[in-house]
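Beneath this line is the structure, given in structure tokens, with notes to follow.
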Protein chains: 2
Amino acid sequence: MSGLYDRRMPRTKSGSLQSLRRANQERLLTLLLRKGPTHRAELARRADLSRTTVSTIVTELMARGLVVEQDGDPDGDGRAKETLAVNPGAAVALGLDFTFDHVWVHLSDLAHNEIAGAGRAVDPDLGWAERIDVAADLLERLIAEHGLDRGRIVGAGVGLPGPIEKATGIVSTSLPDQPWSHVHAADEFQRRLRLPVAIENNTRLEAVAEAYSGAGRGIRDLMYVGLSNGIAAGLILDGRVFRGAVGAAGELGHTTINVDGPACPCGNRGCLVLHAGIPAVLGALRPHLGAKATVEDVLAAAAAGDRACEGVLADVGQMTGRVLASLCNLLNPERIVVGGELARAGEVLLDPLRTAIRRYALTLVREVDVVPAALDLGARAGAVGGAALILRERPGLASALVELTEPARKPAEPAPIGR
Amino acid sequence: MSGLYDRRMPRTKSGSLQSLRRANQERLLTLLLRKGPTHRAELARRADLSRTTVSTIVTELMARGLVVEQDGDPDGDGRAKETLAVNPGAAVALGLDFTFDHVWVHLSDLAHNEIAGAGRAVDPDLGWAERIDVAADLLERLIAEHGLDRGRIVGAGVGLPGPIEKATGIVSTSLPDQPWSHVHAADEFQRRLRLPVAIENNTRLEAVAEAYSGAGRGIRDLMYVGLSNGIAAGLILDGRVFRGAVGAAGELGHTTINVDGPACPCGNRGCLVLHAGIPAVLGALRPHLGAKATVEDVLAAAAAGDRACEGVLADVGQMTGRVLASLCNLLNPERIVVGGELARAGEVLLDPLRTAIRRYALTLVREVDVVPAALDLGARAGAVGGAALILRERPGLASALVELTEPARKPAEPAPIGR
DNA sequence: AAATCTTTGTCAAGACTATTGACGTACTTA
DNA sequence: TAAGTACGTCAATAGTCTTGACAAAGATTT
């Protein structure tokens, strides 16, 4: 996982006395980041430190602007607690998402609040370098517009289409006409952004957004399923993003559901995506709605009670559910979040999906609950997830925050974002 | 995961000065346990400690008998290194495995070497309590026979048939006639063994044995597939055992491979196990080999070139491979280890399995390599895995080792193993 | 309304640990 | 044989955290 991150950690000699202080600073900061606002005595208990030590460290952190006092609830016996919290404005996380025809940029504060966001449609044929230019342009505007300090951006989570090779950070899609094919994305973004960068597959970022601030909050074993042109999964296993040996985990669309089915460009027959992807849905309804129908049209018609549309969406749910049933047997997730454009069909699709899981999965595992993506983010989900990924998984985030506010540090470098 | 472990950790105030020494002791010990023998300067670099500190700590650890000097390779420039290693005999890990007709007991030293092991066939109808009695009896004999110190056993990894509920440690098989159904195994073994206990599914323990000392050594994302009466997987994801939301992850046998296939007791139709489980194999060959044929007979016949047997085993491989292809798309493992009784068929089965994966999985993920289980452990694999699980995943093992050798500690308690 | 209880946050003194810098040692290379 | 290199150890120093005591702030009881 760390392969995707810049590893210029502050080489503090962990274990030494000098760094013991630093380590404890980071520990308290991490506690505040994870568990939310608390008071000093509680922190002391959690971190197994004395109240005295916590006091001195908190004083330092407050002087650095990383921690602020809130007015919390004056509950409980004894003297009133002085509630402390991480200063959400102390730093910013950046999320970028590149889909085949859009570029999205998102900035979150430390509390996952949206600071700013923007998106722009791009020509599907646009090259990758130009796409980065678009993102840089959007980012520059947001920074200028909101008067942000570049030095306070603690990392960028970047979503790209296709699998990302974990070891190298190269986009290794097998389709040669994809703009990102074989681009060493980790390096490129590193070079352009001068930030710790995490490259991730689009769907995986949507999963992250749902897992940390959407319908999957607090779930350790989560499966996010994106139903759109392709069908893919983003897995959160044991509370962490799972990527697979080479970063290719999550492909669902090419699961065979019908050995004698139609041929697929992938080389097999009867793949799920041929029956349940958006092109298949539109194809099936072409006689009914005409050749120019869009997903919007189908969803609208289904919502209005059109039987044919309802039927096709129900089939999508049923077939997807059958595949998910097997995967539930294998992975036993606690929750499945269904997202992507088709998921907006709602219960017309979800109900048959649930039924299929209950029917085809084993007793214990079919207790999984299946919910629609909760975010009204739509296409922005990927970029939101990118920022969330940084806030949750960037190694040494607390360390970076302390570093960022080092009293005797040289003035922030220019940190060029453009080329 | 920690739910399965006894949590009586030494409540040292981590972060305090007193425990800083302890923490560093444990860190060096952990380094030695994980990375194998090294010398002081190397340890200092790895742990970011000064050579001086490492020296003093190592002296203490040697006085406690946890670390010993070896004669290592005198390579490199400069003064010869004094190679250090964990004293393998400093502690013992216990593995227990309960299959439907056997009880296995295994003791490993800290270097995963076998100290002792034993097994006994039991009546399939035997109750769970009596099975524990059998295990306790075997264990007592081994302890007596080898003159072992009970106080040095640092934990027990226990394999049971069926899924184990992660939160409670209850065996939650849905079959009411299983001896372990609904037994609160974690509690029971805790009570009987007075040890940190990890309860795990049999197949998962076999996976652990392969992962840490067999054909899957060093692989972060590993899939172990057990082919015997049932068909199940044990997953090592991101280097750790994966259990799923309620501990039921790993079921492969009831993946539907044929919608119109025969009915299965699980309620579905055309499950893989109906076509590729041992009963199915024997059933298919009954006209050919007779009703009394065993797996041994089939394997022997296939090895001798019997076309019918070869064909059936090849079919098992092909069908299993088709299912694994989908799972590779989802999980993108680095290696698949095939174990269980049927895996002993060798290439007759593995070759079609590989072919199916290459044919049905996507480009990137089908580079997975597929190997047979390397251990000549046979049925003992589960017990070996139990001990390995303790050595690799027991939280605070290093801590326990230090604790164990505390200079001023009260004499080891009787630690009754029987009732 | 006063007294008591409980818990929080701070202060000063003391205990402990790890580092620094220097030294002797042991082995390799020229 | 001499120089070079890296390892392991020693004494002195600097730094951090804890202990124990105390004032502060609110809740509860009398």
Side-chain angles (χ1 to χ4, degrees), chain A residues 10-28 31-32 37-63 67-85 402 407-408, chain B residues 10-28 31-32 37-63 67-85 402 407-408:
Chain A
R11 291 300 288 167
T12 54
K13 304 210 164 192
S14 64
S16 82
L17 272 186
Q18 293 191 12
S19 72
L20 182 53
R21 165 56 59 94
R22 177 67 161 272
N24 283 334
Q25 284 180 344
E26 291 171 14
R27 180 133 53 121
L28 294 186
L31 277 172
L32 281 172
T38 20
H39 51 104
R40 290 179 182 77
E42 177 67 19
L43 282 175
R45 278 187 291 266
R46 292 240 194 205
D48 262 324
L49 293 168
S50 69
R51 296 200 301 268
T52 310
T53 308
V54 171
S55 265
T56 60
I57 292 180
V58 164
T59 306
E60 285 181 36
L61 292 177
M62 286 176 63
V67 170
V68 292
E69 263 186 83
Q70 282 186 339
D71 20 337
D73 54 349
D75 274 10
D77 295 341
R79 172 174 169 177
K81 311 145 184 24
E82 303 174 11
T83 307
L84 305 168
V402 173
Chain B
R11 292 301 287 168
T12 54
K13 304 211 164 192
S14 64
S16 80
L17 272 186
Q18 291 191 13
S19 73
L20 183 52
R21 164 55 58 92
R22 177 67 160 271
N24 284 334
Q25 284 180 344
E26 292 171 15
R27 185 151 63 185
L28 293 186
L31 276 171
L32 281 172
T38 20
H39 52 105
R40 292 179 181 77
E42 177 66 20
L43 282 175
R45 279 187 292 265
R46 291 241 195 204
D48 262 323
L49 292 168
S50 68
R51 295 200 302 264
T52 311
T53 308
V54 171
S55 265
T56 60
I57 292 180
V58 164
T59 306
E60 284 182 36
L61 292 177
M62 286 176 62
V67 170
V68 292
E69 262 186 83
Q70 281 187 340
D71 19 335
D73 54 350
D75 275 11
D77 296 339
R79 173 175 169 177
K81 311 146 183 23
E82 303 175 10
T83 307
L84 305 168
V402 173

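Atoms considered below: every heavy atom in the structure, side chains included; atoms not considered: hydrogens, waters and symmetry mates. Quantities reported herein were computed from a predicted structural model and do not represent experimental measurements. Numbered from 1 within each chain, the chains take letters A, B, ... in sequence-line order.
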Reckon A:Arg40 has a side-chain N or O less than 4.0 Å from the OP1 or OP2 of C:dT7? no
Compare the minimum distances between each of C:dG21, C:dT10, D:dT16 and the side chain of B:Thr52, then state the nucleotide with the smallest one. C:dG21
Compare all side-chain heavy atoms of A:His39 with those of A:Glu82 and state whether any distance is below 4.5 angstrom. no
Donor-acceptor pair under 3.5 Å, A:Arg51 side chain vs C:dG9 base: yes
How long is the line joining CD of A:Glu60 and P of C:dT10, in whole Å? 13 Å
Check whether any side-chain nitrogen or oxygen of A:Arg27 sits under 4.0 Å from OP1 or OP2 of D:dC17, and answer yes or no. no
Of the nucleotides C:dA18, C:dT8, C:dA26, which one has an atom closest to the side chain of A:His39? C:dT8
Test your reading of the model: is there a side-chain donor-acceptor pair from A:Arg46 to the backbone of A:Leu31, 3.5 Å cut-off? no
A:Thr38 and A:Leu84, any side-chain heavy atoms less than 4.5 Å apart: no
Here the distance between atom P of D:dT16 and atom CG of A:Leu28, to the nearest Å, is 15 Å
I need the CD-P distance between A:Glu42 and C:dG9, as an integer number of Å. 11 Å
How close or far is atom P of C:dT8 from atom CG of A:Leu43, stated in whole angstroms? 11 Å
Taken to the nearest whole Å, CD/A:Glu69 to P/C:dT8 is 15 Å
For A:Arg27 and A:Asn24, what are the C-alpha separation, side-chain angles and deciding distance, and is it a side-chain hydrogen bond (donor to acceptor under 3.5 Å, both in side chains)? CA-CA 5 Å; A:Arg27 180 133 53 121; A:Asn24 283 334; 3.0 Å; yes
Closest listed nucleotide, where the reference is the side chain of B:Thr53 and the choices are C:dT19, C:dA26, D:dC17: C:dT19
Is a side-chain N or O of A:Thr59 found less than 3.5 angstrom from the main chain of A:Ser55, in a donor-acceptor match? yes
Check the phosphate of D:dC17 against A:Arg21, side-chain N and O only, distance under 4.0 Å to OP1 or OP2. Yes or no? yes
From the candidates C:dA18, D:dC17, D:dC7, the one with an atom nearest any side-chain atom of B:Lys81 is D:dC7
Looking only at side-chain atoms of A:Ser55, point me to the closest of C:dT19, C:dG9, C:dT8. C:dG9
Report the distance from atom CG of A:Leu61 to atom P of C:dG9, rounded to the nearest whole Å. 15 Å
Has the side chain of A:Thr56 got a donor or acceptor atom sitting under 3.5 Å from an opposite partner on the base of D:dC17? no
Send over the distance from A:Asn24 CG to D:dT18 C1', rounded to a whole Å. 12 Å
Separation of C:dT17 P from B:Leu49 CG (nearest whole Å): 14 Å
With respect to the side chain of A:Glu82, which nucleotide from C:dG9, C:dA18, D:dT19 is positioned closest? C:dG9
